[in-house]
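Reviewing the structure listed below.
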Amino acid sequence: MEVLKENDGGQLTIHNLQPPARRKTPTTALSPEEKENQKRLAEAQRSYGRGKPIPTGLVKDRKLRANLKRLESKYKDAILAAKDAEILLENQQGFLQPENDLEKTYKIRQDEIQKAVGVQQAKKAIELRLDMGPYVAEYTRNGRNLLLAGRKGHIATCEWRAGKPGCELHLNETVRDATWLHNNQYFAVAQKKHTYIYDHAGVEIHCLNQYVEATHLSFLPYHFLLAGIENSGYLRYTDTSTGQIVAQHPTRKGSPTAFAQNPYNAILHVGHQNGTVSLWSPNSTTPLVRIQAHAGPVRSAAVDRSGHYMLSAGQDLRLKLWDIRTFKEIHSYNTFHPASSISISDRGLAAIGTGTSVTIWKDFFTSASNTINHPTKIQSPYLTWHHTQNPTPISRVNFCPYEDILGISHTTGFSSIHVPGSGEPNFDFLEANPYETVKQRQESEVKALLNKLQPETIALDPDFVGKLDVRSAEQRARDKDLDAPKRDELAELRERELKERNRGRGKNSAVRRFLRKKGGKNVIDEKRLRLEALKRERKERVGARVGREKAQLGPALGRFVRRDG
């Protein structure tokens with residue numbers, strides 16, 4: 001108990017003062033409910049989280065720390081809500097399961113799979129024999145319509161599930177690529193000279209004269225941008241809602257060999273003849289990142305749905321897996337032929353077309369230990385396919401959205417095969433509806449135009465919107481002025497080091513700098529006499545030292561004695 005006592009000086013002091021109680025760490029075991037909540041949070045973070053949480057304890061500013069805690073709480077609630085919403089999903093994906101370790105799934109043929117699936121699913125495997133190949137194929141975002149473009153000018157569209165034909169064109173000129181726009185009502189075709197846009201009836205509605213000899217096309221659905229790269233290496237972006245050219249950048253790498261889009265941040269990956277893959281945005285006249293991917297030309301590339309990993313194949317018979325977050329190579333595989341096309345499904349299956357065959361790989365982007373570590377290296381493929389009667393080179397492979405179907409376009413036409421587990425079984429009809437009506441399509445088109453993102457939002461980190469800009473005012477002004485010369489930080493550092501360096505020997509000694517600065521050789525004062533005496537003394541001292549060292553080293557090595565101070 002604390003007691004007040006008066007000492008000899010008349011001052012009051014406190015006796016028996018208790019020390020402050022320390023906070024004890026909990027040593028009790030977690031309850032089963034708390035363990036279940038932690039396990040649920042870990043599973044939600046692994047499935048729906050995007051990286052590690054922000055360490056708010058290291059932030060000193062109280063207001064910023066409170067805002068970051070509030071933001072992290074919102075992220076936590078969002079991933080838990082997404083985890084709880086799994087109970088509403090009606091369907092689940094199903095892969096081929098071998099009965100024992102000796103059975104291999106890649107030995108199963110397509111006729112065996114068609115006998116095991118239902119009648120309606122078996123009808124989705126089609127074979128089209130066409131004479132104006134090689135062909136390229138493209139599905140719409142909802143997987144309902146199919147676009148076929150032959151190299152010799154044959155264009156055809158159809159609703160492939162119902163077997164309902166759309167339009168058919170014979171352009172009588174070279175067609176290099178074709179792609180759908182925001183829905184099945186419009187598509188763009190890269191022809192011999194220019195790129196044209198057609199409607200669902202095959203009527204030409206627009207000619208893009210700026211696109212001269214385009215080799216690859218890609219459409220950015222959330223920005224309504226048609227991106228095309230030409231044979232000369234020019235990359236152009238066109239806003240299809242207004243018809244205006246948004247940006248055009250020269251890659252300066254010659255004719256491109258591969259073209260892919262990152263579905264997470266809308267960054268375009270362009271493969272070049274020298275084995276590099278460059279990442280482009282309409283907001284930068286230079287590539288954001290250059291990756292030396294292969295020793296030879298890059299033949300194909302693809303990015304997974306999460307935007308974390310990239311697959312690239314080159315002429316050097318190598319297939320490489322890259323982590324785009326760190327731009328480092330994870331695994332490398334050998335191929336018997338250069339891969340002509342790569343496609344990644346919504347569930348993470350990768351199809352690689354090499355020569356006359358197609359190889360489908362499973363668990364390419366997931367770890368076997370269910371952690372956030374790098375994916376493990378796969379030893380054997382999931383499925384294989386090749387033409388048995390008339391093998392023809394594969395030109396493009398493309399997974400159908402929301403279906404376990406892989407479309408394969410080749411020299412003699414188009415084929416589709418069953419790939420169990422490749423499609424997303426549960427679709428969001430607000431995002432893409434495979435069973436949409438005409439009224440729903442019109443309404444979704446209006447909403448997409450109202451929610452259209454600006455090209456300025458395309459960046460490597462799309463979450464930069466709403467964050468603090470920590471750059472200085474000079475850096476922001478320099479980045480805003482596009483005509484300003486590029487800042488070379490290394491050269492500035494070297495120049496600063498040279499300025500700060502103060503070597504006191506030779507002609508740049510302190511005495512000589514002072515004498516040159518003062519000048520006035522005819523003015524004799526006390527300070528000048530003292531400096532000249534100091535200079536003579538230093539010269540005599542150096543001469544004496546050089547003489548001693550020469551005497552010690554002899555005539556052969558004496559000429560290497562240093563004469564500086």
Under 3.5 Å, sequence neighbours excluded: what are the donor-acceptor pairs made by side chains of residues 147-154?
unit_1, atom_1, unit_2, atom_2, d
His154, ND1, Tyr135, OH, 2.7
His154, NE2, Glu168, OE2, 2.8

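Listed for the Arg236 side chain is a donor-acceptor partner under 3.5 Å among the backbone atoms of Gln210. The closest donor-acceptor contact from the side chain of Thr412 to the backbone of Arg129 lies at 3.5 Å or more, if one exists at all. Checked by atom type and distance alone, the side chain of Ser284 never pairs as donor or acceptor with a backbone atom of Leu288 at under 3.5 Å. Between the side chain of Glu103 and the backbone N or O of Glu99 there is at least one donor-acceptor pair closer than 3.5 Å. When atom types are taken as modelled, the side chain of Gln110 and the backbone of His418 share a donor-acceptor pair closer than 3.5 angstrom. When atom types are taken as modelled, the side chain of Thr335 and the backbone of Ala339 share no donor-acceptor pair closer than 3.5 angstrom. Counting only distance, with no hydrogens or angles, the side chain of Ser416 and the backbone of Ile405 share no donor-acceptor pair below 3.5 Å.
In this structure, Ala247 and Pro282 approach most closely via the heavy-atom pair CB-O, 3.5 Å. Taking both residues in full, the closest heavy atoms of Pro401 and Arg161 are given as O-NH2, 4.4 Å, listed atom of the first, atom of the second, then distance. Taking every heavy atom of both residues into account, Pro375 and His331 meet most closely at O-NE2, 2.5 Å. Of all non-hydrogen atoms in Ser218 and Leu268, the two that sit nearest each other are OG-CD2, 4.4 Å. Closest approach of Ala188 to Leu217, counting heavy atoms only: O-CD1, 4.0 Å. Minimum heavy-atom separation, Ala190 to Ala214: CB-O, 3.5 Å.
With respect to Asp404 and Lys124, no salt bridge is recorded, no charged nitrogen being found less than 4.0 Å from a carboxylate O. A salt bridge is absent between Lys439 and Glu443: the closest approach of a Lys/Arg side-chain nitrogen to an acidic carboxylate oxygen does not fall below 4.0 angstrom. The pair Arg176-Glu230 fails the salt-bridge criterion, with no side-chain N (NZ, NE, NH1 or NH2) lying under 4.0 Å from an Asp/Glu carboxylate O. Glu112 has a carboxylate O that lies under 4.0 Å from a charged side-chain N of Arg109, or vice versa, which qualifies the two as a salt bridge. Ion pairing of Lys192 with Glu213 is absent here, as no side-chain N (NZ or NE/NH1/NH2) approaches a carboxylate O to less than 4.0 Å.
With rounding to the nearest 0.5 Å, the separation of OG in Ser444 from CD in Gln442 is 9.0 Å. Rounding to the nearest 0.5 Å gives a distance of 10.5 Å between CG of Asp461 and CD1 of Ile267. A distance of 8.5 Å separates CH2 in Trp361 from CD in Gln379, rounded to the nearest 0.5 Å. Atom OG1 of Thr457 is separated from atom NZ of Lys452 by 10.5 Å, given to the nearest 0.5 angstrom. Atoms CG and CD, from Leu225 and Gln454 in turn, are 9.0 Å apart once rounded to the nearest 0.5 Å. Taking NE2 of His386 as the reference point, atom NE2 of His410 lies at 13.0 Å (rounded to 0.5 Å).
Residue Phe429 places its CZ atom among 12 or fewer non-hydrogen atoms of other residues, nucleotides or ligands, all under 6.0 Å distant. Crowding of Asp101 atom CG: a count of heavy atoms from other residues, nucleotides or ligands under 6.0 Å not exceeding 12. With a 6.0 Å radius and a threshold of 12 heavy atoms from other residues, nucleotides or ligands, Asp131 has its CG atom at or below the threshold. In this structure, Lys377 places its NZ atom where more than 12 heavy-atom neighbours from other residues, nucleotides or ligands lie under 6.0 Å away.
For the pair Lys362 and Phe95, the distance from NZ or CZ to the six-membered ring centre is under 6.0 Å and the angle to the ring normal is within 45 degrees. Annotation: cation-pi geometry satisfied between Arg325 and Tyr309 (NZ/CZ under 6.0 angstrom from ring centroid, within 45° of ring axis). Both tests hold for Arg141 against Tyr222: distance to the six-membered ring centre under 6.0 Å, angle to the ring axis within 45°.
Aromatic pair Phe364/Tyr333: centroids less than 6.0 angstrom apart. Side-chain rings of Tyr234 and His249 stay apart, their centers remaining 6.0 Å or farther from each other.
His272 and Ser278 share a side-chain donor-acceptor pair at under 3.5 Å. With 3.5 Å as the limit, one finds a donor-acceptor pair spanning the side chains of Glu445 and His182.
In this structure, Leu383 and Pro420 have side chains that are in contact, with non-hydrogen atoms separated by less than 4.5 Å. By the 4.5 Å heavy-atom criterion applied to side chains, Arg347 and Ser422 are not counted as neighbours. Looking at Val303 and Pro263, their side chains come closer than 4.5 Å, going by heavy atoms from C-beta outward. At a threshold of 4.5 Å between non-hydrogen side-chain atoms, the residues Phe414 and Trp160 do not count as touching. Side-chain contact between Ile408 and Ile417: present, with at least one pair of heavy atoms (C-beta onward) separated by less than 4.5 Å. His223 has its side chain within reach of Ile458: a pair of non-hydrogen atoms, C-beta onward, lies under 4.5 Å apart. Counting only heavy atoms from C-beta outward, the side chains of Asn142 and Asn183 never approach each other to under 4.5 Å. Taking the side chain as every heavy atom from C-beta outward, Cys207 and Asn209 approach each other to under 4.5 Å.
Taking the side chain to side chain donor-acceptor pair (under 3.5 Å) definition, one finds that Ser306 meets it with Asp304, sequence neighbours left out. Taking the side chain to side chain donor-acceptor pair (under 3.5 Å) definition, one finds that Gln191 meets it with Glu173, Tyr198, sequence neighbours left out.
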- request: Start with the C-alpha distance between Leu181 and Ile197, add both sets of side-chain angles, then the distance that settles side chain to side chain contact (heavy atoms under 4.5 Å, CB included), and finish with yes or no.
  value: CA-CA 9 Å; Leu181 298 188; Ile197 296 179; 4.0 Å; yes
- request: Check step by step if side chain to side chain contact (heavy atoms under 4.5 Å, CB included) holds for Met310 and His269.
  value: CA-CA 9 Å; Met310 178 186 71; His269 296 228; 3.2 Å; yes
field: Verdict with supporting geometry, Ile324 and Asn262, side chain to side chain contact (heavy atoms under 4.5 Å, CB included)
entry: CA-CA 10 Å; Ile324 305 180; Asn262 190 335; 4.2 Å; yes
- request: Go through the steps to decide whether Glu329 and Leu321 satisfy the test side chain to side chain contact (heavy atoms under 4.5 Å, CB included), and finish with yes or no.
  value: CA-CA 6 Å; Glu329 178 185 342; Leu321 177 63; over 6 Å; no
message: The test is ring-ring contact (aromatic ring centres under 6.0 Å, His included); show your working for Trp385 and His387 and say whether it passes.
response: CA-CA 7 Å; Trp385 177 89; His387 263 131; 4.9 Å; yes
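Under the 30°/60° scheme for interplanar angles, the aromatic rings of Tyr196 and His194 are found to stand perpendicular. Between Phe427 and Tyr402, the angle of the ring planes goes over 60°, which puts this pair in the perpendicular group of the 30/60° scheme.
The side chain to side chain contact (heavy atoms under 4.5 Å, CB included) with Thr242 is formed by just one residue from the set Thr238, Asp239, Val246, Ile245; it is Asp239. For the side chain to side chain contact (heavy atoms under 4.5 Å, CB included) with Phe259, the qualifying choice from Val298, Leu235, Thr215, Asp177 is Leu235, the only one to do so.
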